[in-house]
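Structure first, commentary second.
Lettering of chains follows the sequences in order, A, B, ..., and the numbering in each one begins at 1. Hydrogens, waters and symmetry mates play no part in the numbers below; they use all other heavy atoms, side chains included.
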There are 2 protein chains.
Amino acid sequence: MEEMELLQEEILELLENRKFAALGKILKEMEPADVAYIMDELPEEDLPVVFRILPKELAADTFAELDGDVQELLVTSFSDKELRAVMDEMFVDDAVDMIEEMPANVVARILKNTDPETRKVINTILQYPEDSAGSIMTVEYVFLRKDITVSDAFKRIRQVGIDKETIYNCYVTENRKLIGIVTVKDMLLAAEECLVEEIMDDHVIFVDAYEDKELVAEQFRKYGLMAMPVVDKEQRLVGIVTFDDAMDVLQEENTEDIEMMAAVTPTDKPYLKTGVFETWKKRILWLALLLLSATFTSSILRFFEESLAAQSALIMFIPMIMGTGGNAGGQSSVTIIRGLSLNEITMKDIWRIMWKEFRVSILCGVTLSIVTFAKVLLFDRLSLLVAAVVSLTIFATLILAKLVGCILPMLAKKIGFDPAVMASPFITTIVDALSMLIYFEIAKWILQM
Amino acid sequence: MEEMELLQEEILELLENRKFAALGKILKEMEPADVAYIMDELPEEDLPVVFRILPKELAADTFAELDGDVQELLVTSFSDKELRAVMDEMFVDDAVDMIEEMPANVVARILKNTDPETRKVINTILQYPEDSAGSIMTVEYVFLRKDITVSDAFKRIRQVGIDKETIYNCYVTENRKLIGIVTVKDMLLAAEECLVEEIMDDHVIFVDAYEDKELVAEQFRKYGLMAMPVVDKEQRLVGIVTFDDAMDVLQEENTEDIEMMAAVTPTDKPYLKTGVFETWKKRILWLALLLLSATFTSSILRFFEESLAAQSALIMFIPMIMGTGGNAGGQSSVTIIRGLSLNEITMKDIWRIMWKEFRVSILCGVTLSIVTFAKVLLFDRLSLLVAAVVSLTIFATLILAKLVGCILPMLAKKIGFDPAVMASPFITTIVDALSMLIYFEIAKWILQM
């Protein structure tokens, strides 16, 4: 990262001094992702200049990696000829990604400057739902007939391969239906006169175009796939998803889960590119909802207000009890949510999980109530009875928190919600109310309030 | 997933009725990862039976995918001959992964049944630190000399390719030093008599064997790499990391981040395979630490105990204020932590981030204090002054929480800690104390307590 920042400074300096030749020399040795990283941070007015310095292929690859707002700025500054050149070089799936983020008038201009065949393909992909396999696929793959020889297959790859995203997996089709897969490795290791159907693998892992892209990405990881064919309802091959896109989906889904767990509505924009008002919108609904849910806990405290005023020593332990409950519940819920999203646990494990969480909560409860008892007695120097109330409450809260923490995410999954919503903030709110109820009931019983 | 469960039941039934032929037929059509998924759940005594039904190559691939404890059980049940057969078929990097989780006596037996050359390689890889690129690399790659022709390169690939994890990226070396990379695609599209050095790319993205594997995985995603060469201090090629392992690392690191954010010490064992005592150990230290940190908040409440007893209506808003502060701080901290781990934000952005969080917190603060004011006045039917105290506190808490939430993770990163530790539980504990201080100061001022 530090290297990149030094490079960034150097590039800014060259730009300021209008040393374009030197700048071009540096840029042309860089990876597209790195050029994009630097361009994303450049002042608007420098963008077209820098982009025009890039060699054609690097320019197209870099363009595909840029943030949506930078892409839009560039497209607006392009002549029709420049736009056509970029569109010719870009892979179709990258073009679709870009178009999805553009306003309608820019999209119209882009499509006008795309060759008719590509335009048709782009329009087809755009029709798939946002989170589907179809929306992240590309159509730039190699397909073969089963009755050709390996040497003919190589001839075909040499003819069409240059524009394909991957040539290493070739798909065998019959009347457009997917019937097998053959890798370049298999073909290299086979005899030249061998037929494709003799060496193809007819156990293909494929996916329906309408399948959730998250599931597709998870399959890439599970099976270590390089590419995955996408088929329509009639099992006709319509495209492929490549591993680099799957990796991006995986990382996006992780970000989405993490944001949801922290009660933030997910977006796919990077933090620094999201406006203040937009960030506010992503956060405020959850904050307001959780704030209003705290009303339950408030009512409980209000109900016991007078007893609390009489036994005012009890007030100081409210944050400790609520905090511990929230943390303990959060630990369980997040562990379960993660297990669910990695498919390590499924609904049928619910009893095993509850039994395990119950035993863990007993262990945690015993440990923490001993710590609490000692602390209240020795550090806070309060009575034996108060110490008993607080440490018993901690014990009961722990057991409850861990059970709520493991049941709620599974329940959410069961009724079709995203379990990630049932993470710490939500669990905390519920456990807050329950723990206070426990606290005052135990206090009433032991302290006779 | 449901399909897998049905399959699992079918397999269990076949096993029970000792219908091994039918069982073999089903298993041999399955993917290694799926066989492993089912075997991980089988009763111990059935494991060796099922494993012996599998065809040789599927057996080795499945073995590599099994959980550590199941692998250990199987190795113990293997004859030396069986063990040798599995070791011969496994890729070196998978063998290393397995060995890393075994007790010493099992490792000794495994290495005794491995051919001497592989054993040497395994021992070399085992010496790299646990989280390094070296520890996840494989040595099964193709290397070429720069002065051979494309057709000779293909001859070489045909000779050695069958045992290599990938043949699509070939590495060009000179005196063992990495000088370039050439892909099978480049070679297929080039003339047969072309020299490797004419078409090789000498801008190779490589990594030092001691580099952090998380960084390696991040580069795979950034550059969309299929494989990445690993070099030693003298830039000699020592191995390659393949994209499937990078994807696993990415997912492991995500799990680790998520666990740390929920105050759980990360492990790489799946939830259901982790014992009760072990789970307790992963959670209790954090719970105890956070419980004891709540002492600060307790002291503040204790200090104001008498005023609180006098103005007992204030008690009921404690959970709401603390909860909102924790949620608001958690939102910011988790967003920043994720941005840091995706390299979307760096230390130099700290002022931009603080300025943005400040503006977001003003917006959130205004919204929530209006909601609070209305709620206290109309729903709780308390006085105008109390409503003012509570809503002012919410406003101030929000601004503070969001600033603490964005500063602490960056501070942690600066001093070399993992920012993920500074997520909700930790932030909550700090914000709890600060918000109570604000609450009582505002109450003292407005209510003249």
Side-chain angles (χ1 to χ4, degrees), chain A residues 1 31 33 157-158 162 167-168 184-185 188-189 221-224 243-244 247 254-255 258 262-264 270-271 276 279-280 283-284 287-288 290-291 294 297-298 301-302 305 308-309 312 315-316 318-320 323-324 327 330-331 334-335 338-339 344 346 359-360 363-364 367 371 424-425 432, chain B residues 1 31 33 157-158 162 167-168 184-185 188-189 221-224 243-244 247 254-255 258 262-264 270-271 276 279-280 283-284 287-288 290-291 294 297-298 301-302 305 308-309 312 315-316 318-320 323-324 327 330-331 334-335 338-339 344 346 359-360 363-364 367 371 424-425 432:
Chain A
M1 288 312 287
E31 293 293 319
I157 293 175
R158 286 196 179 95
I162 193 148
I167 60 162
Y168 301 133
V184 165
K185 184 175 177 180
L188 277 177
L189 299 176
R221 193 183 69 89
K222 188 169 162 197
Y223 300 119
F243 73 93
D244 50 330
M247 233 164 170
N254 279 315
T255 304
I258 289 174
V264 176
Y271 175 76
V276 169
T279 308
W280 169 79
R283 297 181 182 176
I284 190 67
L287 285 179
L290 292 166
L291 180 139
T297 318
S298 297
L301 290 186
R302 190 170 205 182
E305 198 179 295
L308 268 177
S312 60
I315 300 174
M316 65 181 277
I318 293 177
M320 193 180 84
T324 303
N327 293 331
Q331 286 180 331
V334 165
T335 308
R338 186 65 182 165
E344 281 173 6
T346 54
R359 285 173 298 162
V360 173
L363 280 181
C364 289
T367 325
V371 172
S424 320
D432 278 356
Chain B
M1 289 311 289
E31 292 294 319
I157 293 175
R158 287 198 178 93
I162 195 150
I167 60 162
Y168 301 132
V184 165
K185 184 175 178 180
L188 277 176
L189 299 177
R221 193 182 69 88
K222 187 169 161 198
Y223 299 118
F243 74 94
D244 50 330
M247 234 165 170
N254 279 315
T255 304
I258 289 174
V264 175
Y271 174 76
V276 169
T279 308
W280 170 80
R283 297 181 181 176
I284 190 67
L287 284 179
L290 292 166
L291 181 139
T297 317
S298 298
L301 291 186
R302 190 170 206 183
E305 199 178 295
L308 269 177
S312 59
I315 300 174
M316 65 181 277
I318 293 176
M320 191 181 85
T324 303
N327 293 331
Q331 287 180 331
V334 166
T335 308
R338 186 64 183 165
E344 281 173 5
T346 54
R359 285 174 298 162
V360 173
L363 280 181
C364 289
T367 325
V371 172
S424 320
D432 278 356

Just give me the residue among G224(B), S298(B), A294(B), A288(B) that pairs up with chain A most often, heavy atom to heavy atom, under 4.5 Å. S298(B)
With a 4.5 angstrom heavy-atom cut-off, is it the side chain or the backbone of R338(B) that approaches chain A, or both, or neither? side chain
Heavy-atom pair of closest approach, residues Y271(B) and E344(A): N-OE1, 3.8 Å
Heavy-atom proximity to chain A below 4.5 Å, by part of T255(B): both
Measure across A262(A) and Q331(B) and return the closest heavy-atom pair with its distance rounded to 0.1 Å. O-CG, 3.3 Å
Looking at chain A, which one of V264(B), L287(B), I258(B) has the largest number of heavy-atom pairs inside 4.5 Å, strictly under? L287(B)
Gap separating the CG atom of D432(A) from the CE atom of M320(B), nearest 0.5 angstrom: 12.5 Å
Below 4.5 Å, heavy-atom pairs only: which of L363(B), D244(B), V334(B), T297(B) has the largest tally toward chain A? L363(B)
When only pairs under 4.5 Å are counted, which of L308(B), I167(B), I318(B) shares the most heavy-atom pairs with chain A? I167(B)
Cut-off 4.5 Å, heavy atoms of chain A, and the answer for L291(B) is both
Using a 4.5 angstrom heavy-atom cutoff, name the option from I157(A), N254(A), L189(A) with the most pairs to chain B. N254(A)
If you tally heavy-atom pairs under 4.5 Å against chain A, which of V184(B), L188(B), T324(B) wins? L188(B)
Identify the heavy atoms of Y223(B) and E31(A) that sit nearest to each other, and give their distance. CE2-CB, 3.4 Å
Which atoms of A309(B) are under 4.5 Å from chain A, going by heavy atoms: the side chain, the backbone, both sets, or neither? both
Any donor-acceptor pair under 3.5 Å linking the side chain of Y168(A) with the backbone of K185(B)? yes
Can you tell which part of V371(B) gets under 4.5 Å to a heavy atom of chain A, answering side chain, backbone, both or neither? side chain
Quick check for you: to the nearest 0.5 Å, what is the distance between S312(B) atom OG and I315(A) atom CD1? 8.5 Å
